[in-house]
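Below you'll find the structure, written out as structure tokens, and then a few comments.
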Amino acid sequence: MGELEARFIKARRRVIDQEYAKLNPPQREAVLCTEGPLLLLAGAGSGKTTVLIHRVANLLQYGRGSDSTEIPMPITNDEADFLEQYADHPTQEQKPLARYLCAVEPARPWEVLAITFTNKAAGELRERLERMLGEEAAKDVWASTFHSACVRILRRDIDRIGFSRDFTIYDTDDSKRVIKDMIKELGLEEKAFPPREILSIISNAKDAMQSPEEYAALWEKNGDWRKVRIGKLYAGYNRRLRDANALDFDDIILHTVKLLQTDKETQEYYQKKFRYVLIDEYQDTNHLQYLLAGLLAGGRKNICVVGDDDQSIYRFRGANIENILSFEKQYDHCRVIRLEQNYRSTQNILDAANAVICHNTERKGKTLWTENGAGEKVTVKTVFNESDEANFVAGDIMMHCNRGGNWRDHAILYRMNAQSNALEYAFKRNGIPYKVIGGTKFFDRAEVKDMLAYLCVINNPTDDLRLRRIINVPSRKIGAATIDKAQLLAMENGVCLFDVVREASRYTELKSAAARLEQFAALIEEMRAKRETMELTEFYSFVCDRSGYVRMLEEKNDMESRGRLENVEELKSSMMGFLENQPENPTLAGFLDEIALYTDLDDQSDADNCVTMMTMHSAKGLEFPYVYVVGMEDGIFPGNRAMGEPEEMEEERRLCYVAMTRAKEKLTLTNARQRMLFGRTTPNLPSRFLKEIPEGNMEWLSRPEPRGETLPWEDDGGSRSFYEPVERPISRPAAANRKPVAAPLLELRPGESIEHTAFGKGMVLSVRPMGGDALVEVAFDQVGTKKLMLKTAGVHITKL
DNA sequence: ATCATAACGCTTTTT
DNA sequence: GCGTTATGAT
């Protein structure tokens, strides 16, 4: 290489470097290492998403310009001079020329595949790319989840492996129903074969690419008859899905892998197409996804996986941490970059989290650091029970807000959804606005599923499963016995259920219900006929009306059905959202595809100013200034199932690490000495994770007073005692053996002026006695009218 | 066919 | 302790 070339390449790198001057050195390195396999270990809060976006932008702008010694065109001295001076003094006018000179085979948008774990993440990626590069460049990048990428691939080519391209997608609920049917069909007991467990076994088998036959053969050899039965269920399940022309979530990945493995033409097509493959949250991938990643990137091996082994918390759903741990072994000459500078939390929080995660053995090893300063120490608070815990958190949050904080800056994290109850209760009584993330999702609501089932059947009448869901909703006097009979006839004649229903009068067995069945079939066909002529939302309204579903809800007209009506209406909004995003395929089929893979609709909720409650799992990827992790007790967190299971315990510890690193400014951990869960009160020792936090990074706000004979609080000989004097909990006596505190109940009358620690000044509107307590309605000057329970909220109120 | 009562069972969750 | 579901009675 001549001197000119060397000078040019050096200048080119400097020009590209300065384009990403805002990134820190390892971040920039991660953006500019474009060629070959790259393992990017991105710690919590290390700016991973920023890197991802810039990486894609760089690929589109400069191709391998930053990571190659190629020079794609003849160059002159003048051009090298130009780049050298531009690197020092970039100007807007010279930018296009500089970019042109520095690019080496820039990737075209459709040559970049960026896989994320959720639709939300994919959407954000696409959105930020659009803002950075403009709509033209961004819209053709394959930024999607594994599943939507696979559906796209399968819709094109699944017929090459003997499936029909217009398959429907079964969600977990659908799968469960099929399993239940199979259990009945084989005359088995659901108790001996819990559908959930069966489903998870089938899912694991599919992940291992084990066919039903292979699975059954394996266990037949070992003489495990229960497993052989499960193999039968697996076989029947697959047969049912095939008959219904349906794929479950695992099939979507499995068949894509099979397609790419068996059909060389397709494999070559995609390996050639995707010059650059990027996979986010790699620690959460399962075996099939690992295979898929390898297949898609198999051409040029330009595969970049991003993840954090310390944040792998989805083992229970098949995530295999080995994928990320052994990535370096899988790819020779793999480069590894660690992002360890944290931009989110204070040093105290990071030190505490680092100390906890250090107790795990199977990890790559990373130590987060920050320039944010030490900040406040991590607070640990021990309370008596779950309602004291809730009141403590509520009181602490009100205090912050009183000092000018915002509700939305606070999050409460717990291990299980069931723990939200006590918190919600305390927050309601205190009049604190909050939202609970998770629980029953919008698309899991029965009424939403019903309406989607109508649309599915209209779109594809051979969808027996959905047909059965709605054939008698609203009631059309078609009972279970009739449906079973029709289903049997369909099986015998090798046609779908809808065909039998449509021609019911031809089957003597159905004569009594034949007219009603045919009427239903006519209804579906009538709607089906209009599906292509009407605009989508208009069509949906028509279906709501014509099916009688909305009328059924309107006639019921109680609290519940009013809510359901709203959800049915809300589905139209998501339809409109779909139409805005996807104007090129605004069909019913397109919408159903999207919806089958899309499950969270809580996007709008982050606008409200309120406290967030959620599980530690759902908190992954989020951040809040103030974070409370509640229920830090052995048996709760780590959960009972992890005791004595080293791998499970390490997973729980990673979850703890995830939870702790969500906090930006202040982290508070609480544990209760006894807790009621599932109707039973049990004493609990403080979580072992608490003891893993260095003394220097934490502060015990209070320690429990000894409860003597009532509670078996044995100090486990650890370095720290939990028997120091305790502060009295904020309110309420919690146990019978405790003296009931005669709470000095405030005497309030309508018209009086009061001041609340969090809501400020206000006037009492009404006081209504309620079961030894009182419901007070107060019109606050700043925050409007609120209803408060006097016993709880009284602590925070002073008369003026 | 529809309603009522009993029995169960219960991490975590995305697609 | 609660919500879901299965089964039996009307």
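Here is the naming used below: chain letters follow the sequence lines, and residue numbers restart at 1 for every chain.
Between A:Arg641 and the phosphate of B:dT11, there is a side-chain N or O to OP1/OP2 separation shorter than 4.0 Å. The side chain of A:Thr172 places no N or O atom within less than 4.0 Å of a non-bridging phosphate oxygen (OP1 or OP2) of B:dT15. A:Asn417 has a side-chain polar atom (N or O) that falls below the 4.0 Å cut-off from OP1 or OP2 of B:dT12. Distances shorter than 4.0 Å separate none of the side-chain N or O atoms of A:Thr145 from OP1 or OP2 on B:dT14. For B:dT15, one of the phosphate oxygens OP1 or OP2 lies less than 4.0 angstrom from a side-chain nitrogen or oxygen of A:Asn119. Taking side-chain N and O atoms only, A:Lys180 has a distance below 4.0 Å to OP1 or OP2 of C:dA6.
Atom CD of A:Glu650 and atom P of B:dT12 are 22 Å apart (whole Å). One can place CZ of A:Arg654 at 13 Å from C1' of B:dT12, the figure rounded to the nearest angstrom. Between the NZ atom of A:Lys485 and the P atom of B:dA1 there is a distance of 9 Å, given to the nearest Å.
With B:dT13, B:dT11, B:dT14 as the choices, the nucleotide that has an atom nearest any side-chain atom of A:Met416 turns out to be B:dT11. Of the candidates C:dG1, B:dT15, C:dA6, C:dG1 carries the atom nearest the A:Phe678 side chain, counting heavy atoms from C-beta on. Across B:dG9, B:dT14, C:dG1, the shortest atom-to-atom separation from the side chain of A:Arg317 is found for B:dT14. Taking only side-chain atoms of A:Phe249, from C-beta outward, the nucleotide of B:dG9, B:dT15, B:dT13 with the closest atom is B:dT15. Distance from the side chain of A:Arg415 is smallest for B:dT12 among the nucleotides B:dT15, B:dT13, B:dT12. Out of B:dG9, B:dT15, B:dT13, the shortest distance to the side chain of A:His617 is found at B:dT13.
Between A:His617 and A:Tyr314, the angle of the ring planes lies from 30° to 60°, which puts this pair in the tilted group. Ring-plane geometry between A:Phe637 and A:Phe689 is classed as perpendicular, the angle between the planes exceeding 60 degrees on a 0 to 90 degree scale with a lower cut at 30.
Each of A:Thr116, A:Val151, A:Ile253, A:Leu597 was checked for a side chain to side chain contact (heavy atoms under 4.5 Å, CB included) with A:Phe146, and the lone residue meeting it is A:Ile253. The one candidate from A:Glu650, A:Lys620, A:Arg415, A:Gln311 that meets the side chain to side chain contact (heavy atoms under 4.5 Å, CB included) condition with A:Leu655 is A:Arg415. Partner A:Asp166 forms a side chain to side chain donor-acceptor pair (under 3.5 Å) with one of A:Asn459, A:Asn245, A:Asn460 and no other, that one being A:Asn245.
Comparing B:dT12 with C:dT5, their P atoms sit 16 Å apart, to the nearest whole Å.
Once the 5.5 Å centre distance and the 30° plane angle are applied, the aromatic ring of A:Phe316 is found stacked with the base of B:dT12.
In this structure, A:Glu190 reaches the sugar-phosphate backbone alone: every heavy-atom distance under 4.0 Å involves primed, P, OP1 or OP2 atoms, never a base.
Regarding the sugar-base torsion, B:dT11 falls in the syn class, its angle being within 90° of 0.
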